[in-house]
Amino acid sequence: MNQAPTFGYSTFPTAALTLPSMDRCNHFRRHFSRSLMQCIHHGFSVEECFGMIWEETLEEIPLPEHDQSQLYTELIHWARQRFF
């Protein structure tokens, strides 16, 4: 079994915390989708990458629980539409 590599971009989480909530969500969304597409491009499946990329992105761009819940559902739907 392949171990999915990390494809995160180096950012400072404290800088992300200073952005307004909507900007953080947009930043998270862009970062997550870019990282997931890179992981898939390297031959890994969505199932192998999604959770790992989610956790890595959340570490770099912290979000409140409410935003996490909404974005997680949105990004699951996006991944299903895009890759299945």
Side-chain angles (χ1 to χ4, degrees):
M1 172 161 54
N2 292 337
Q3 183 178 7
T6 57
F7 293 103
Y9 296 96
S10 180
T11 60
F12 295 102
T14 53
L17 285 173
T18 62
L19 293 172
S21 180
M22 201 60 159
D23 289 342
R24 275 186 280 142
C25 288
N26 288 333
H27 184 57
F28 187 99
R29 192 179 288 114
R30 284 190 306 270
H31 187 283
F32 177 88
S33 60
R34 231 184 354 250
S35 296
L36 185 64
M37 286 189 284
Q38 284 181 344
C39 190
I40 290 167
H41 176 75
H42 282 85
F44 296 93
S45 70
V46 174
E47 293 86 355
E48 290 173 308
C49 299
F50 193 95
M52 180 194 66
I53 298 294
W54 174 266
E55 291 298 324
E56 287 179 359
T57 305
L58 197 53
E59 285 180 20
E60 292 186 34
I61 307 163
L63 296 173
E65 290 288 327
H66 177 72
D67 290 342
Q68 288 180 42
S69 176
Q70 288 182 329
L71 273 178
Y72 189 83
T73 301
E74 174 189 325
L75 291 170
I76 287 281
H77 290 298
W78 169 79
R80 285 181 180 156
Q81 290 177 340
R82 173 104 166 121
F83 301 108
F84 294 102

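Residues take their numbers from the sequence shown, with the count starting at 1.
In this structure, Y72 has its ring center under 6.0 Å from that of F50.
Going from atom OG1 of T57 over to atom NE2 of H27 covers 9.0 Å, rounded to the nearest 0.5 Å. Note that CD of Q70 and CG of L75 are 11.5 Å apart. Values are rounded to the nearest 0.5 Å. In this structure, C49 SG and H41 NE2 are separated by 12.5 Å, a value rounded to the nearest 0.5 Å. Remark: I40 CD1 to Q38 CD distance equals 11.0 Å, nearest 0.5 Å.
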**OP:** Would you check, one step at a time, whether the test side chain to side chain contact (heavy atoms under 4.5 Å, CB included) holds for F32 with I61?
**Re:** CA-CA 10 Å; F32 177 88; I61 307 163; over 6 Å; no

Original post:
Run the side chain to side chain contact (heavy atoms under 4.5 Å, CB included) check on L36 and W78 step by step: do they pass?
Top reply: CA-CA 11 Å; L36 185 64; W78 169 79; 3.6 Å; yes

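The closest donor-acceptor contact from the side chain of S33 to the backbone of R29 lies under 3.5 Å.
Here the shortest heavy-atom pairing between L63 and C25 reads CD2-N, 4.2 Å. Closest of all the heavy-atom pairs between R24 and P62 is NH1-O, 3.7 Å. Among all heavy-atom pairs drawn from M37 and F83, the shortest one is CG-CZ, 3.8 Å. In plain terms, the two heavy atoms of A79 and V46 that are nearest each other are CB-CG1, 4.3 Å.
Inter-residue side-chain proximity for C39 and E48 is flagged as unmet; no heavy-atom pair is nearer than 4.5 Å. The shortest distance between side-chain heavy atoms of W54 and L71 falls below 4.5 Å.
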